[in-house]
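Report on the structure given below.
Every chain is numbered from 1 and lettered A, B, ... according to where its sequence line falls, protein lines coming before strand lines. Predicted model, so just to flag it, every value in this text is computed and none were measured.
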Amino acid sequence: MVDLKFIRENPEIVKEALKKRNTEDDLIDEILNLDEQRRAFLKEVENLRAERNKNSNLVARLKAEKRFAEADSLIEQGKEISEKIKNLESELKQIEEKLNNKLLYVPNIPDDTVPYGKDENDNVEIRRWGTPRTFDFEPKAHWDLGPELDLLDFDRGAKLSGSRFTVLKGDIALLELALINFMVDLHTKEHGYRFIMPPHLVTKETITATGQLPKFEEDLYKTTVDELYLISTAEVPLGGMHRNEVLELKNLPLKYVSYTPCYRREAGSYGKDVRGMIRQHQFDKVELFWYTTPEESNEALETLTAHAEKVLQLLELPYRVIILCSGDLGFAAAKTFDIEVWLPSYNNYKEISSCSTTKDFQARRGNVRYKTKENKLEFVHTLNGSGLAVGRTLVAIMENYQTADGKIKIPEKLIPYMGKKYIG
RNA sequence: GGAGACGUAGCCUAAUUGGCUAAGGCGUCGGUCUUGAAAACCGAUGGGGUUACACCCCGUGUGGGUUCGAGUCCCACCGUCUCCGCCA
């Protein structure tokens, strides 16, 4: 959530930010208008409340002095005041609800260092690592290789659950588990994260705090009976854990790593990545999440991104890092680095991690604060990043590590987790 | 699922049968003192309205209600604990 006060005082900056995101509409003017109405009503209500308070205090004093007749006449006056307050309050409440709802639809303001751009074509490459392998045979895409080796079963995935579901079988399922363990080990033992296993079903309040609701309801799976939402990323429970809490400065930064499946309806991605298991309704992801101070959050984004990159380096998978331009930035993010891994089947780099700072955007929505050295309560900054998307890592290994005789070599670092050097 | 107890500020704990300003402690920050620290003492320590101050409003799990007036009374919901039931 963007600070209402900030919008009020800097409407042009906020409008400009929205324009850079291609989300220009009259949202800001509506908010300013509602805010003005709200404050006008508030003033009136507060004056009446002050009058009521004065009145009832006087009643108490008169009664104590046994001046009952005078008290009775004040009680009559009090009734009238209360009636007025009641009416105004209900109008005020309606305005406030409208205002708050609008505020939840305002995306985060891009950081100054975010390049201006319209869409993904304007993202800027920052660095590359590794060199894509040159094959002395025709490499197969994972959607061919997987079924041929009876490791990926797209047909049965579709039979069980429809399109964009896949069954992982045998060694490839074990490789998925190995990857999860490998990533969690790295982040907990080398990078100092605390491992968290959160619920996968969360309340509306929780998923609103991280920014998936209310704007992206159509992308979420929702249970009907209890109105719980399936998480679309572990960012949701990790970012919701400290909702309405005050964190201790000495405990910051809090660094959490989590493994969860992620459930996404992928509404609006029809025709995108339809082959194979690049884009699924359910996929595993190891997620990194930070709670930190405003002073340290810029550097934290670099560190978090480096932690995600480390996974690819250890697996010796070529990748590049790009910074998202303003037009491609996610709703809650102020700045995002995407890590893209080399995929032979795409003959290109493909997103495997997205590392973002939301600054105080999520903390404001979730009311997560900390006490500064000066003893002030302030919103923390939150960051999140995939470390990594496990399914896509699996695909990258299958494609990049395939052999001429149609097998898959296991990356050096994963051999201890797999107990073998080849599968297939 | 059933029964009971409970929910107060960053934390812990008070508040006659509804009545003036939610008291006190701890922690934290600032100050006095000190070579430095501790102790002691003083002050500060939720949100909002007002350009800012003065001032005012709100804030006792959430939302309603009763009342001139609600931490206190009533209703619903959420959560925690205890016991019972069911269950991998």
Pair listing, side-chain hydrogen bond (donor to acceptor under 3.5 Å, both in side chains) test, anchored in residues 96-106 of chain A, at least two apart
A:E30-A:K102
Pairing pattern in dot-bracket form [Watson-Crick, G-U; both distances under 3.5 Å; | = partner strand] for RNA chain B
(((((((..(((......[....)))((((((.......))))))((((.....))))..(((((..]....))))))))))))....
Suppose you measure atom C1' in B:C55 against the same atom in B:C74; what distance do you get, rounded to whole Å?
35 Å
Taking any heavy-atom pair under 4.0 Å as a contact, classify A:K371: base, sugar-phosphate, or nothing.
base
Each nucleotide N or O in nucleotides 17-25 of chain B that has a protein N or O under 3.5 Å away: list the pair and distance.
| from | atom 1 | to | atom 2 | distance (Å) |
| --- | --- | --- | --- | --- |
| B:G19 | O6 | A:K63 | NZ | 3.3 |
| B:G19 | N2 | A:S56 | O | 2.5 |
| B:U21 | OP2 | A:N57 | ND2 | 3.4 |

Contacts under 3.5 Å, N or O only, protein and nucleotides 48-51 of chain B:
| from | atom 1 | to | atom 2 | distance (Å) |
| --- | --- | --- | --- | --- |
| B:G48 | N2 | A:E46 | OE1 | 3.2 |
| B:G48 | N2 | A:E46 | OE2 | 3.4 |
| B:G49 | OP1 | A:R8 | NH1 | 3.1 |
| B:G49 | OP1 | A:R8 | NH2 | 3.0 |
| B:U50 | OP1 | A:R39 | NH1 | 2.5 |
| B:U50 | OP2 | A:R39 | NH1 | 3.4 |

Qualifying side-chain hydrogen bond (donor to acceptor under 3.5 Å, both in side chains) pairs with a residue from residues 277-292 of chain A, counting only residues at least two apart or across chains:
A:T166-A:Q280, A:Y193-A:W290, A:Y221-A:H281, A:T233-A:K285, A:Y259-A:D284, A:E266-A:R279, A:D273-A:R279, A:K285-A:E287
With rounding to the closest Å, how many angstrom separate the C1' atoms on B:U28 and B:C6?
29 Å
Select from A:E248 and A:N53 the residue whose nearest nucleotide in RNA chain B is closer to the 5' end of that strand.
A:E248
Give a yes/no on whether any side-chain N or O of A:N47 is located under 4.0 angstrom from OP1 or OP2 of B:C55.
no
Under the rule for ring-ring contact (aromatic ring centres under 6.0 Å, His included), what residues qualify as partners of A:Y256, not counting sequence neighbours?
A:H242
So A:K93, base contact, sugar-phosphate only, or nothing? Heavy-atom distance under 4.0 Å.
sugar-phosphate
